[in-house]
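Here is the structure we will look at.
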Amino acid sequence: MARVKVRYRCSACGAEFPKWAGQCADCGAWNTLTETLAASAATRRHGGYAGVAGRGVQTLSEVTPEETVRTPTGLTELDR
């Protein structure tokens with residue numbers, strides 16, 4: 001069973017924190033942190049990526065390499 005992660009969100013500015021505090025560290029508002037449930041790591045890992053959903057598994061021979069344009073930095077070791 002997946003572990004439920006609790007996060008605290010400021011109702012004034014929307015900042016998130018792993019632990020409850022009396023004052024929001026971002027906006028300074030008092031007593032505005034409310035408890036919310038965070039998505040599990042497995043849900044974030046397997047869903048929500050643009051362009052990946054519904055694609056399925058591909059074999060290596062089906063993958064087409066794309067040419068990447070490289071920007072020279074002027075440092076020969078780094079550009080190599």
Side-chain angles (χ1 to χ4, degrees):
M1 178 171 214
R3 183 175 175 182
V4 177
K5 291 190 178 189
V6 177
R7 301 284 295 181
Y8 297 91
R9 181 183 300 259
C10 177
S11 59
C13 69
E16 287 191 4
F17 303 97
K19 293 184 179 180
W20 186 86
Q23 183 180 20
C24 175
D26 285 358
C27 69
W30 286 95
N31 297 323
T32 57
L33 298 184
T34 56
E35 184 175 305
T36 59
L37 297 178
S40 69
T43 304
R44 285 192 307 263
R45 189 179 322 122
H46 296 296
Y49 292 112
V52 176
R55 191 182 295 178
V57 178
Q58 293 180 325
T59 61
L60 190 55
S61 62
E62 295 173 338
V63 177
T64 57
E66 298 175 5
E67 185 65 33
T68 303
V69 178
R70 297 178 183 250
T71 305
T73 63
L75 302 171
T76 55
E77 186 65 25
L78 188 59
D79 290 341
R80 185 170 60 110

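Since we're looking at a predicted model, the values are computed, not measured. Residue indices begin at 1 and follow the sequence shown.
Separating the CD atom in E16 from the CG atom in D26 is a distance of 11.0 Å, to the nearest 0.5 Å. Between atom SG of residue C24 and atom CG of residue N31 there is a gap of 11.5 Å, rounded to the nearest 0.5 Å.
Tracing side-chain contacts under 4.5 Å through hydrophobic residues (I, L, V, M, F, W, Y), one never reaches W30 starting from F17; they form parts of separate clusters.
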Criterion side-chain contact (heavy atoms from CB on, under 4.5 Å) on T36 and V6, from CA distance to verdict: CA-CA 6 Å; T36 59; V6 177; over 6 Å; no
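Looking at every heavy atom in both residues, C10 comes nearest to T32 through SG-OG1, 3.2 Å.
Of the possible polar contacts, none joining the D79 side chain to the P72 backbone as a donor-acceptor pair under 3.5 Å is found.
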